[in-house]
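Hydrogens, waters and symmetry mates are skipped; everything else that's a heavy atom, side chains included, is used. As the structure lists them, so they are numbered: ligands from 1, and atoms in each ligand from 1. Small disclaimer: the values here were computed from a predicted structure and weren't measured.
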Amino acid sequence: MDSAGMTNSLLHESMEDVYEDVPCGFLFTRPDGTIVRVNRTLLAWTGYERADLTSGRRFQDLLTIPGKIFYESQYFPVLRLHGAVKDVAFDITRLDREPLPVLVNSVQRSAPDGRPSLIASTIFDATDRRSYERELLLARRDAEQLAAVVRMSSDAIVTTSPAGVVQTWNAGAERLFGYPAATVTGTDLRNILSNGEDDAAWNRLLAEIRAGRPVYHEMVGRRADGGPVDVSVGLTPHPDLLGHLGAISAIIRDIGERREIERLQQEFLAMAAHELRSPLTGIRAHAQLMRRRVTYSERGVDAILGQTDRLARLIDDLLLASQIEADRIDLRLEELDLVLEARSVAEHHGVEGVPILVEAPGGPVMVPADRVRISQVFANLITNAVKYSPEGGKVVVRFGQTSDEAWVAVADQGIGIQREALSHLFDRFYRVPEAASRAPGIGLGLYISRRIVEAHHGRIDVESVPGKGSTFTVFLPVRRGTRG
Ligand code: ATP
Ligand code: MG
């Protein structure tokens with residue numbers, strides 16, 4: 001062999017190596033798909049021996065069922081028509097039945113007479129590419145989900161540039177402030193949040209954020225209608241790829257309701273403290289008086305006991321109200337004569353100057369009820385009637401009964417209740433302002449009474465004429481488990 005021949009044969013050998021071992025599969029098939037040649041790379045990828053594939057196997061039989069259908073109905077006709085097909089994705093089923101995602105490029109070779117003679121295909125492993133595509137797809141889905149969460153969130157979620165210029169403004173922000181996104185994006189968030197007044201505070205927040213620290217602050221924002229809105233603002237810095245501050249996200253919440261609750265709690269504490277303190281002051285005064293006179297005084301002891309009762313009642317009411325809030329009223333039902341109970345309560349709650357008349361019917365008025373609780377209802381209604389009546393006003397307790405329910409009415413000739421107040425009367429801690437200045441109380445009596453009566457499946461009605469008097473009527477079912 002001459003040196004040129006030698007070179008040629010070496011070249012041919014190394015071309016063979018290249019053909020066998022390049023990092024892509026080579027496959028030659030007849031026009032019907034029968035495999036005639038396959039390189040080592042493809043064998044290694046699929047796990048087959050060369051003889052497995054070149055003894056009459058067709059390429060399409062290596063594909064999954066959908067792949068095979070696609071090959072025969074689409075791929076092959078297009079190849080016929082155009083002579084070449086590029087980058088079509090298939091899954092080859094490997095010897096171990098695992099799928100191998102691939103991209104296939106084919107060209108069709110023709111015999112001198114023009115008839116197709118051979119299909120030459122290059123096959124690329126698409127495992128990595130598929131997983132990138134999948135990751136991209138998942139990442140995109142995550143991003144879209146997150147965007148949807150932000151869009152739908154009831155909290156205001158806003159993003160700004162590092163300088164505080166609004167970039168995105170969600171529906172929650174539109175609802176909270178009343179500005180549509182279009183008017184706010186591109187403007188400084190401080191115009192809305194710091195109300196234009198407290199620039200120093202706003203700048204301090206931005207400085208914290210620029211130092212990479214998230215901040216939380218409560219401030220007063222400005223709504224589109226010009227009104228103020230109490231908000232909490234959580235600002236979070238978001239660094240860009242280089243680690244510089246790229247954007248700021250702000251989650252803004254309406255804390256108006258919380259502020260209102262705080263105000264009510266404050267008011268309640270002040271009122272409860274006042275109501276608890278005045279009987280204590282009374283007790284102390286009487287005790288001091290007795291000590292100074294160094295004698296036992298019947299009146300003093302009575303007064304002390306009276307005030308102690310008042311304190312105990314107050315504390316009981318507070319405890320019962322909190323139990324009611326937690327939905328725990330345990331009833332001990334027994335057959336109860338309402339006339340008897342009302343009479344006994346009236347005897348204990350009479351005061352001088354306001355007589356209580358119990359207009360007993362001929363016989364008892366029996367209902368299944370909890371004695372302690374129902375007495376408490378009567379006590380609340382009767383003390384109210386007495387408390388909100390002038391001297392000489394008469395309180396009358398009446399009874400009645402139908403086949404389903406019994407009723408007890410407590411009528412007074414007192415100050416009456418304005419129509420506007422009627423719908424709040426049974427609310428926790430509600431007191432009509434004029435009444436509040438006239439008599440002590442914390443606004444729990446009617447709330448508790450209504451809940452007790454409702455626990456018995458009954459109801460309380462009120463009728464009132466301001467300046468003339470009020471009538472509270474309790475209806476209770478006469479049989480267990482029936483609604484009045
Ligand atoms: P508490 O009973 O807790 O000591 P209170 O009497 O003020 O305090 P409720 O019994 O719940 O509270 O009554 C609520 C309010 O309804 C009262 O403050 C008063 O303004 C009004 N009210 C209740 N009963 C009468 C009545 N008979 N006449 C006029 N106003 C009444
Ligand atoms: Mg009361």
Side-chain angles (χ1 to χ4, degrees), residues 264 267-280 282 306-325 329 342 345-346 348-351 353-358 373-398 407-454 459-474:
L264 287 176
E267 261 182 35
F268 164 71
L269 281 179
M271 176 184 69
H274 177 262
E275 289 299 320
L276 292 171
R277 177 158 270 283
S278 49
L280 278 181
Q307 298 290 19
T308 317
D309 281 351
R310 188 173 152 202
L311 265 181
R313 248 195 336 268
L314 262 171
I315 290 167
D316 283 350
D317 277 1
L318 285 171
L319 283 177
L320 185 58
S322 77
Q323 278 171 14
I324 288 174
E325 277 310 290
I329 314 185
V345 171
H348 283 92
H349 289 83
V351 293
V354 185
I356 305 170
L357 305 175
V358 179
R373 296 292 179 227
I374 287 298
S375 300
Q376 202 169 0
V377 172
F378 290 164
N380 285 335
L381 296 183
I382 290 173
T383 30
N384 279 352
V386 170
K387 200 156 70 162
Y388 302 113
S389 288
E391 280 251 335
K394 211 167 42 174
V395 174
V396 184
V397 185
R398 296 188 181 86
W407 55 261
V408 182
V410 178
D412 64 51
Q413 301 169 333
I415 57 175
I417 301 155
Q418 300 290 335
R419 174 178 279 280
E420 313 81 79
L422 286 178
S423 60
H424 299 292
L425 229 48
F426 297 91
D427 292 352
R428 205 163 47 133
F429 303 131
Y430 178 81
R431 307 194 72 203
V432 180
E434 308 87 77
S437 57
R438 177 189 168 103
I442 52 175
L444 276 180
L446 288 181
Y447 167 76
I448 289 173
S449 301
R450 157 120 101 186
R451 290 304 188 92
I452 290 174
V453 171
E454 283 174 353
R459 64 181 199 281
I460 302 188
D461 279 357
V462 53
E463 282 169 15
S464 187
V465 181
K468 287 241 172 339
S470 315
T471 302
F472 287 79
T473 310
V474 175

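Nearest heavy atom pair, residue Arg310 against residue Ser278, reads NH2-OG, 3.5 Å. In this structure, Ser464 and Ser470 approach most closely via the heavy-atom pair OG-OG, 2.9 Å. Across every non-hydrogen atom of Ile329 and Arg373, the tightest pair is CG2-NE, 4.3 Å.
Phe378 places a side-chain heavy atom less than 4.5 Å from the side chain of Val408.
The Mg ion (ligand 2) has an N, O or S atom of Asn384 inside 2.8 Å of it.
In this structure, the ring of Phe268 has its center less than 6.0 angstrom from the ring center of Phe429.
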Distances under 3.5 Å, N/O of ligand 1 against N/O of the protein: list each pair and its distance.
| residue | atom | partner | partner atom | Å |
| --- | --- | --- | --- | --- |
| ligand 1 | 2 (O) | Gly445 | N | 3.3 |
| ligand 1 | 3 (O) | Ile442 | N | 3.4 |
| ligand 1 | 3 (O) | Gly443 | N | 3.1 |
| ligand 1 | 3 (O) | Leu444 | N | 2.7 |
| ligand 1 | 3 (O) | Gly445 | N | 3.2 |
| ligand 1 | 6 (O) | Asn384 | OD1 | 3.0 |
| ligand 1 | 6 (O) | Lys387 | NZ | 3.0 |
| ligand 1 | 6 (O) | Tyr388 | OH | 3.0 |
| ligand 1 | 7 (O) | Tyr388 | OH | 3.0 |
| ligand 1 | 7 (O) | Arg431 | NE | 2.5 |
| ligand 1 | 7 (O) | Arg431 | NH2 | 3.2 |
| ligand 1 | 8 (O) | Ile442 | N | 3.1 |
| ligand 1 | 8 (O) | Gly443 | N | 2.9 |
| ligand 1 | 10 (O) | Asn384 | OD1 | 3.2 |
| ligand 1 | 10 (O) | Asn384 | ND2 | 2.8 |
| ligand 1 | 10 (O) | Leu446 | N | 3.4 |
| ligand 1 | 11 (O) | Gly445 | N | 3.3 |
| ligand 1 | 11 (O) | Leu446 | N | 2.8 |
| ligand 1 | 12 (O) | Gly443 | N | 3.4 |
| ligand 1 | 18 (O) | Tyr388 | OH | 3.3 |
| ligand 1 | 18 (O) | Arg431 | NE | 3.3 |
| ligand 1 | 20 (O) | Val432 | N | 3.0 |
| ligand 1 | 24 (N) | Asn384 | ND2 | 3.4 |
| ligand 1 | 27 (N) | Asp412 | OD2 | 2.8 |

Checklist entry - For Glu454 and Arg450, what are the C-alpha separation, side-chain angles and deciding distance, and is it a salt bridge (Lys or Arg N to Asp or Glu O under 4.0 Å)? => result CA-CA 6 Å; Glu454 283 174 353; Arg450 157 120 101 186; 3.7 Å; yes
